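Okay, so here's the structure we're looking at.
Please read all numbers here as calculations on a predicted model, not as lab measurements.
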Amino acid sequence: VLEVSRSGYYAWLKREPSTRARANAALLKAIEEVHAESDKTYGAPRIHAELKDRGPQASLNRVARVMKEAEIQGVSPRKWTRTTLRGKSMRPVPDLVDRDFTATGPDQLWVADITYIPTWAGFLFLAIVLDVWSRRVVGWAMATHLRTELVLDALDMALARRRPQEVIHHSDQGCQYTSLAFGRRCELMGVLPSMGSVGDAYDNAMAESFFGTLECELLDRYSFRTPAEARQAVFRYIEGWYNPRRRHSSLHYLSPAKFEAKHWPESERIPGLADFPAVAEGPLAGPSSTPLQAAEALLTQRREEEQIRLT
């Protein structure tokens, strides 16, 4: 049936694997390790980038071929869901970005948005502030409500960590971002608010792209019993994976933290940027402060400076 001789068949059974086969086996083992470390989210491009740093060396096509043969694949983002609604009495804020999501350095342009996380006990809401230059989530907050405090907490964390001089904060026209409290906070802290047009996802595409990644890599793959359980998982994803380790295609497959360390070496010497918990030290915030405590201390300091200036 096989049209081979008996001796040829048994010789084939005893034959040692070829050099190429052994190399593919070693490559497959390395691919499986990287894939497992990424919680099975990485596809061929990111696994290839990881192997360039640690080995074995192989072309992208070869990595993709070995993954296909072993039926290993990553995950792909799906369409996101909007959670912010336009405020009825919105403040007139210009669009300072006009869909140009580019920056030449850190803390020039931040994008912000809110998403929801379903649990068995109700929804948990996540607000984030993301630096356009490095794609790093510089501020975040979670709560079981959609009040303005949610976006204020995320902004406060970003301000405490980064201490920007004059940053543009771009969001949609959700009522949280158009509120008077948010406007006052931006004015007090020297933040330039910017908002896209109503009902146009492309006007805040970068923030929504992050949520698409979060949903496909975490939220769509796990079920959370309580908001507290979801909070822990999201915290680990942002501070334990996305910021320090997840490779980003637009950053030449570097993670946000490694991209900043490479192109902005000063960040490693600024408290609050290198490691989590990240806080900005100052007269009212010490190294043991939490990010939100440091943000509150920074805000108090800015208010006192403003009072002194007015008097």
**OP:** Run through Lys68, Glu69, Met67 and flag the one making a side chain to side chain contact (heavy atoms under 4.5 Å, CB included) with Arg65.
**Re:** Glu69
Original post:
Counting only N and O atoms by type, is there a donor-acceptor contact under 3.5 Å from the side chain of His48 to the main-chain atoms of Ala58?
Top reply: yes
Subject >> Side-chain touch Val137/Phe210, heavy atoms, less than 4.5 angstrom >> reply: yes
Original post:
For residues Asp39 and Thr41, is any side-chain donor paired with an opposing acceptor at under 3.5 Å?
Top reply: no
Subject >> Heavy-atom pair with the smallest gap, counting every atom of Gln176 and Ser179 >> reply: O-OG, 2.9 Å
Subject >> Heavy-atom pair of closest approach, residues Pro227 and Thr119 >> reply: CD-OG1, 3.7 Å
**OP:** Look at the side chain of Arg135 and the backbone N and O of Val132, then say whether any donor-acceptor pair between them is shorter than 3.5 Å.
**Re:** yes
**OP:** Please tell me if the side chains of Glu215 and Thr115 come closer than 4.5 Å, counting only heavy atoms from C-beta onward.
**Re:** yes
Original post:
Under 3.5 Å, is there a donor-acceptor pair linking the side chains of Ser223 and Trp120?
Top reply: yes
Original post:
Are Asp107 and Arg162 within salt-bridge range, i.e. N to O under 4.0 Å?
Top reply: yes
**OP:** Verify the ring-centre separation between Trp264 and Phe259: is it less than 6.0 angstrom?
**Re:** no
**OP:** Determine whether more than 12 heavy atoms belonging to other residues, nucleotides or ligands lie under 6.0 Å from atom CD of Glu33.
**Re:** yes
**OP:** List the steps, then state whether side-chain contact (heavy atoms from CB on, under 4.5 Å) holds for Ile114 with Leu126.
**Re:** CA-CA 6 Å; Ile114 305 171; Leu126 167 68; over 6 Å; no
Subject >> Same apolar cluster: Leu60 and Leu51, side chain cutoff 4.5 Å >> reply: no
**OP:** Answer yes if Tyr253 and Ile31 sit in the same cluster of Ile, Leu, Val, Met, Phe, Trp and Tyr residues linked by side chain heavy atoms under 4.5 Å apart, and no otherwise.
**Re:** no
Original post:
Do Ser171 and Val111 come within less than 4.5 Å of each other through their side chains, counting heavy atoms only?
Top reply: no
Subject >> Gln108 side chain reached by Val167 side chain, heavy atoms, under 4.5 Å >> reply: no
Original post:
Got more than 12 heavy atoms from elsewhere within 6.0 Å of CZ, Arg54?
Top reply: yes
**OP:** In sequence, state the C-alpha distance, the side-chain angles, and the governing distance for Ile72 and Val66, and then conclude on side-chain contact (heavy atoms from CB on, under 4.5 Å).
**Re:** CA-CA 8 Å; Ile72 298 173; Val66 171; over 6 Å; no
Subject >> Beyond-backbone contact of Phe125 with Phe123, side-chain heavy atoms, under 4.5 angstrom >> reply: yes
Original post:
Between atom CG of Asn24 and atom NZ of Lys29, what is the distance when rounded to the nearest 0.5 Å?
Top reply: 15.0 Å
Subject >> Any side-chain donor near an acceptor of the partner, Ser134 and Glu260, under 3.5 Å >> reply: yes
Original post:
Where is the tightest heavy-atom contact between Trp241 and Glu37, given as atom of each residue plus distance?
Top reply: CZ3-O, 3.8 Å
Original post:
From Glu32 CD over to Lys40 NZ, what is the distance, rounded to the nearest 0.5 angstrom?
Top reply: 10.0 Å
Original post:
Are Leu192 and Leu130 co-members of a hydrophobic cluster defined by side-chain heavy atoms under 4.5 Å apart?
Top reply: yes
Original post:
Are the side chains of Tyr42 and Val34 in touch, meaning some heavy atoms are under 4.5 Å apart?
Top reply: yes
Original post:
Within the side chain of Gln173, is there an N or O that forms a donor-acceptor pair under 3.5 Å with the backbone of Gly196?
Top reply: yes
**OP:** Mind checking the CZ-CD1 spacing from Arg136 to Ile128? Nearest 0.5 Å is all I need.
**Re:** 14.0 Å
Subject >> From CZ (Arg246) to CG (Leu251), nearest 0.5 Å >> reply: 10.0 Å
Original post:
Backbone N or O of Ile47 within a donor-acceptor pair of the His35 side chain at under 3.5 Å?
Top reply: no
**OP:** Quick one: closest heavy-atom pair of Val138 and Arg161, and the distance?
**Re:** O-CD, 3.1 Å
Original post:
Are Glu217 and Arg46 ion-paired here, with the side-chain N under 4.0 Å from a carboxylate O?
Top reply: no
Original post:
For the atom pair CG (Leu214) and CD1 (Ile238), what is the distance rounded to the nearest 0.5 Å?
Top reply: 6.5 Å
Subject >> Thr178 and Met195: CA distance, side-chain angles, deciding distance, side-chain contact (heavy atoms from CB on, under 4.5 Å) verdict >> reply: CA-CA 9 Å; Thr178 60; Met195 295 183 187; 3.6 Å; yes
Original post:
Which pair of heavy atoms, one from Leu152 and one from Arg185, lies closest together, and at what distance?
Top reply: CD2-CB, 3.8 Å
**OP:** Over all heavy atoms of both residues, which pair between Arg62 and Gln57 is shortest? Give the atoms and the distance, please.
**Re:** NH1-O, 4.4 Å
**OP:** Ignoring hydrogens and angles, tell me if any N or O in the side chain of Ser194 forms a donor-acceptor pair with the backbone of His170 under 3.5 Å.
**Re:** no
Subject >> Nearest-0.5 Å distance, OH of residue Tyr242 to OG1 of residue Thr213 >> reply: 6.0 Å
Original post:
What class does the angle between the rings of Tyr177 and His169 fall in, given that below 30° is parallel, 30 to 60° is tilted and above 60° is perpendicular?
Top reply: tilted
**OP:** Go through the steps for Phe182 and Val151 under the test side-chain contact (heavy atoms from CB on, under 4.5 Å), then give the verdict.
**Re:** CA-CA 8 Å; Phe182 188 82; Val151 297; 3.8 Å; yes
Original post:
Would you say His145 has more than 12 foreign heavy atoms packed within less than 6.0 Å of its NE2?
Top reply: yes
Subject >> Donor-acceptor pair, side chain of Asp95 and main chain of Val97, under 3.5 angstrom >> reply: yes
